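Written below as structure tokens is the structure these notes are about.
The structure displayed is predicted, hence computed values, not measured ones. The basis for the numbers below is simple: all heavy atoms, side chains too, and nothing from hydrogens, waters or symmetry mates.
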Amino acid sequence: TLFLIIGCENDSPTAAPESATLSGTITFIGDWPVDGTVAVSLSSNWPPQGAPAASSEITSTDLSNGTYAYIFENVTFGSYASISVSWQDPNDDNPVTNQHTLGAYGGEYPFFTAYGGTDPTTVTVSETDYSKTGLDFSVNLIYATSTTGGQ
């Protein structure tokens with residue numbers, strides 16, 4: 001009689017994550033802007049400069065009871081100075097002035113400590129801390145107003 005016993009043992013360690021995931025809920029206060037683009041962005045600098053590390057456009061139809069659940073996946077490990085929501089003024093062609101910050105994770109209007117507000121909270125992700133959830137914040141749509149005369 002022949003007994004054949006085969007055992008499987010996983011001797012290899014768990015593979016290290018290659019990227020991070022950030023998620024949270026954004027609560028919108030006020031009336032949605034008639035025009036212009038609203039987006040949530042992850043940026044390495046505050047104030048944001050250049051292209052964000054990740055971003056997603058938000059429309060009013062994406063909201064559920066005034067909230068939007070966001071997730072940034074495949075985020076490169078490192079520190080990010082802000083997760084913020086902005087509105088792009090369609091009446092302002094200048095890329096330096098056409099973005100209006102509506103809210104930021106950990107921040108309070110005007111989102112700069114130097115001007116009486118609070119800078120956004122820096123979020124850091126690494127191989128050992130690669131999943132951040134509950135990065136929730138509120139956005140006030142009243143700040144989605146044109147500085148060039150329109151709304």
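Within a 6.0 Å sphere centred on CD1 of Ile142, other residues, nucleotides and ligands contribute 12 heavy atoms or fewer. Taking a 6.0 Å sphere around CG of Asn94, one finds it holds more than 12 heavy atoms contributed by other residues, nucleotides or ligands. Heavy atoms from other residues, nucleotides or ligands lying under 6.0 Å from CZ of Phe77 number more than 12. More than 12 heavy atoms of other residues, nucleotides or ligands shown are found within 6.0 angstrom of CD on Gln88.
Aromatic ring orientation, His100 versus Trp87: tilted (interplanar angle from 30° to 60°). Between Tyr109 and Phe111, the ring-plane angle classifies as perpendicular under the 30° and 60° cut-offs.
Between atom CD1 of residue Ile71 and atom OG1 of residue Thr21 there is a gap of 5.5 Å, rounded to the nearest 0.5 Å. Rounded to the nearest 0.5 Å, atoms CG (Asp93) and CG (Asn98) are 8.0 Å apart. Note: Thr27 OG1 to Leu63 CG = 10.0 Å, rounded to the nearest 0.5 Å.
Closest approach of Ile29 and Ser138 over heavy atoms only: CD1-CB, 4.1 Å.
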- Query: How far apart are the C-alpha atoms of Ser43 and Asn45, what are their side-chain angles, what is the distance that settles it, and do they pass the side-chain contact (heavy atoms from CB on, under 4.5 Å) test?
  - Reply: CA-CA 5 Å; Ser43 299; Asn45 300 306; 5.7 Å; no

- For side-chain contact (heavy atoms from CB on, under 4.5 Å), just list the numbers for Asn140 and Leu102, CA-CA rounded to whole Å, side-chain angles, deciding distance to a tenth of an Å, and then say yes or no. CA-CA 6 Å; Asn140 195 332; Leu102 307 177; over 6 Å; no

- Stepwise side-chain contact (heavy atoms from CB on, under 4.5 Å) check, Asp136 with Ile26: CA-CA 6 Å; Asp136 306 337; Ile26 302 166; over 6 Å; no

- Item | Test log, rule side-chain contact (heavy atoms from CB on, under 4.5 Å), inputs Thr124 and Asp129 | CA-CA 8 Å; Thr124 301; Asp129 192 12; over 6 Å; no

- Candidate pair Gln99 and Ser86, rule side chain to side chain donor-acceptor pair (under 3.5 Å), full reasoning: CA-CA 6 Å; Gln99 295 290 327; Ser86 64; 2.9 Å; yes

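Between Tyr68 and Tyr70, the ring center distance fails the sub-6.0 Å criterion.
Using a 4.5 Å heavy-atom threshold, the side chains of Ser23 and Leu135 count as separate. A heavy-atom distance below 4.5 Å is found between the side chains of Val125 and Tyr80. Using a 4.5 Å heavy-atom threshold, the side chains of Ser79 and Val123 count as separate. Put simply, the side chain of Ser19 reaches to within 4.5 Å of the side chain of Asn74, judged on heavy atoms. Between Val85 and Phe28 the shortest side-chain heavy-atom distance falls below 4.5 Å. The side-chain heavy atoms of Phe137 and Thr25, taken from C-beta on, include no pair separated by under 4.5 Å. Looking at Tyr105 and Pro120, their side chains never come closer than 4.5 Å, going by heavy atoms from C-beta outward.
Judged purely by distance below 3.5 Å, without hydrogens or angles, the side chains of Ser55 and Ser41 never pair a donor atom with an acceptor atom. Donor-acceptor pairing under 3.5 Å is recorded for the side chains of Thr61 and Thr59.
Under a 3.5 Å cut-off, the side chain of Asp89 and the backbone N or O of Asn91 do form a donor-acceptor pair. Between the side chain of Ser64 and the backbone N or O of Thr67, no donor-acceptor pair lies under 3.5 Å.
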